[in-house]
Structures are given as structure tokens and as C-alpha cells.
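These numbers come from a predicted model, not from an experiment.
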Amino acid sequence: MTERLQNYDATCRLAQEIAENIHERNRQHRTGGNPAKINMTLRASLQKLKQNIAQLKEGLLRSSSFRRIMQSEADRRQNLIDGLLTREKQLNATFKGDITEPEPSRSTLMGGGGAAGGGSTTNPWLIEESEETKGLSFGEIKQQQQRIIDAQDAGLDALAAVISRQKTMGQEIGNELDEQNAQNVAVLESDPLGANGHFEFLLAKQ
């Protein structure tokens, strides 16, 4: 793994660690604990996060200036850095109590998110962004994903409606057969000798 990838991976892990520590700090607040120590750790971590993102920006600027990478790749890396910047702002706001929970970053949306409890995450520097999301903002990606979910929900609703109609048709056919069987039994009980003629009449109708 190159130094650039290592730096990005370390920054992502640091952001996740900060989020978990903020959650723990809030838990201590609720349970009457003393979060002073964890607050000191969070301030230092947030400062480190800011420095790491600045280093990634400087590295991207150098690579772009010397034309070491194509413009499309530079744009992709810039989008990932923008996601980290958004994450940093949200973590700072959460730490200060301005908001309660940070929204997922662009890189989380693109990489599928990370497992809870410090699980491994997909490093979006190692994957190519799809044509459907290139050039889209963070909010536009979320809207696109919501439209996909809505379309899937509509498809499930349509399937459920078809199954419901089939079930209703099956019940109606079953009721009709039960009614015919009841009529046949009634004929046998009332006129056993004339039952043959009745059945011949039913057969002729079919």
C-alpha cells in the first residue's frame, strides 16, 4: 500500500474512532460519569483529523500540478477528500453539541459503510467510482440511492398485489367447487335414483 493510501486509510480510521469516542462521551453524560478525560482526547483527535485531511489535500495538489495523475482521477480523489471534510465538520458539530448524530460521508456512501464496533471498511481510494455518481454532490448521491430504494419498494408492492389477486382467485375457485360439491351431495340425498341424470346434465354443460 502506498503512502497516500496509508494516509487516507489512517484518516478514515481516525474519523471512526472519533465518532465512537463521541458516542462514549455522550453515554457518560447520560449516566452521570465524568467525560473530562475523553473530551481532551477528542480535542486532540479532531485536531489530528484536520491535519491529516490537510496533508491529503496537499498531496493531491502536488500530484495534479505535476500531472502525475489524470484529471478524472484527480476529481475522484477530490470527491473523497470532500467527503472527509464533510465528516470532519459533522464530527466537530457533534462534539460541540450542535447536532446529535453525524451523517454518513460521501466515501461511506460509495464504499458501502463500515461495520459497527470498529469493523473493517472498504477503502474507496482502491475502487473506481461508477459513472452514475461521478460529478454528483453528496446530497445528490443520497437522493439517487433513495430513488433506487423507492423503485425497489414499488416493485415489491406490485408483486404483493399480484400474489394477493392470485390468492383471491384461488379462494373463489375453491368456494365454487365447494358449492358444486354441496349441490351434488344434496341431489344424491334427495333422489339417489335420479342422480345419474343430474350428473349427465352437469357433464353436458362442461
Side-chain angles (χ1 to χ4, degrees), residues 1-61 63 73-130 132-150 152:
M1 183 181 291
T2 66
E3 181 180 358
R4 171 177 55 82
L5 293 176
Q6 289 176 344
N7 290 342
Y8 181 84
D9 209 38
T11 304
C12 288
R13 289 197 302 270
L14 178 59
Q16 179 64 28
E17 179 183 329
I18 291 171
E20 292 171 356
N21 284 338
I22 290 175
H23 178 75
E24 175 61 21
R25 188 275 307 268
N26 293 342
R27 188 191 67 80
Q28 291 184 16
H29 268 304
R30 291 192 300 269
T31 57
N34 184 4
K37 182 177 180 180
I38 197 169
N39 274 333
M40 291 179 60
T41 301
L42 281 168
R43 289 189 183 94
S45 297
L46 286 167
Q47 182 62 31
K48 178 63 174 175
L49 179 63
K50 182 178 180 179
Q51 294 171 354
N52 285 3
I53 295 174
Q55 289 176 358
L56 289 171
K57 290 173 65 177
E58 291 173 3
L60 177 57
L61 181 60
S63 296
E73 176 62 15
D75 292 341
R76 189 178 75 88
R77 294 183 188 180
Q78 183 61 56
N79 286 335
L80 295 175
I81 292 175
D82 289 343
L84 285 174
L85 287 168
T86 299
R87 181 71 162 170
E88 180 203 4
K89 292 178 182 178
Q90 293 162 344
L91 289 170
N92 272 294
T94 307
F95 173 68
K96 297 174 183 177
D98 296 337
I99 59 176
T100 55
E101 288 292 337
E103 292 290 331
S105 65
R106 178 186 179 92
S107 59
T108 300
L109 291 174
M110 297 302 306
S120 61
T121 59
T122 301
N123 190 333
W125 289 84
L126 301 176
I127 61 175
E128 286 291 337
E129 185 170 349
S130 68
E132 290 78 6
T133 58
K134 282 183 178 179
L136 298 182
S137 67
F138 176 77
E140 288 171 335
I141 293 176
K142 291 186 67 178
Q143 291 175 1
Q144 183 187 73
Q145 291 181 336
Q146 186 59 50
R147 286 195 296 269
I148 293 173
I149 292 173
D150 291 342
Q152 291 174 340

Check: residues 29-40 side-chain donor-acceptor pairs under 3.5 Å, at least two apart:
unit_1: T31; atom_1: OG1; unit_2: R27; atom_2: O; d: 3.0
unit_1: T31; atom_1: OG1; unit_2: Q28; atom_2: O; d: 3.4
unit_1: N34; atom_1: OD1; unit_2: A36; atom_2: N; d: 3.2
unit_1: N39; atom_1: OD1; unit_2: R25; atom_2: NH1; d: 3.0
unit_1: N39; atom_1: ND2; unit_2: P35; atom_2: O; d: 3.4

List the atom pairs, donor and acceptor, that lie under 3.5 Å between side-chain atoms in residues 52-61 and the rest of the protein, sequence neighbours left out.
none

Distance in Å, [X] [atom1] paired with [Y] [atom2], rounded so as to fall on 0.5 Å steps:
X	Y	atom1	atom2	result
T86	E88	OG1	CD	9.5 Å
N26	T94	CG	OG1	8.5 Å
L14	D9	CG	CG	11.5 Å
E17	L91	CD	CG	11.5 Å
S63	E73	OG	CD	9.5 Å
K50	L85	NZ	CG	10.5 Å

Open item on the list: Could you check whether any side-chain heavy atom of L84 comes within less than 4.5 Å of a side-chain heavy atom of L80, counting everything from C-beta outward?
Closed with: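 Not in contact.
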Task: Verdict with supporting geometry, Q16 and R13, side-chain contact (heavy atoms from CB on, under 4.5 Å) - done: CA-CA 5 Å; Q16 179 64 28; R13 289 197 302 270; 5.6 Å; no
- [ ] Check side-chain hydrogen bond (donor to acceptor under 3.5 Å, both in side chains) between R43 and all other residues, then give those that pass, not counting sequence neighbours.
- [x] none
- [ ] For L42 and I18, work out which heavy atoms get closest and say how close.
- [x] CD2-O, 3.6 Å
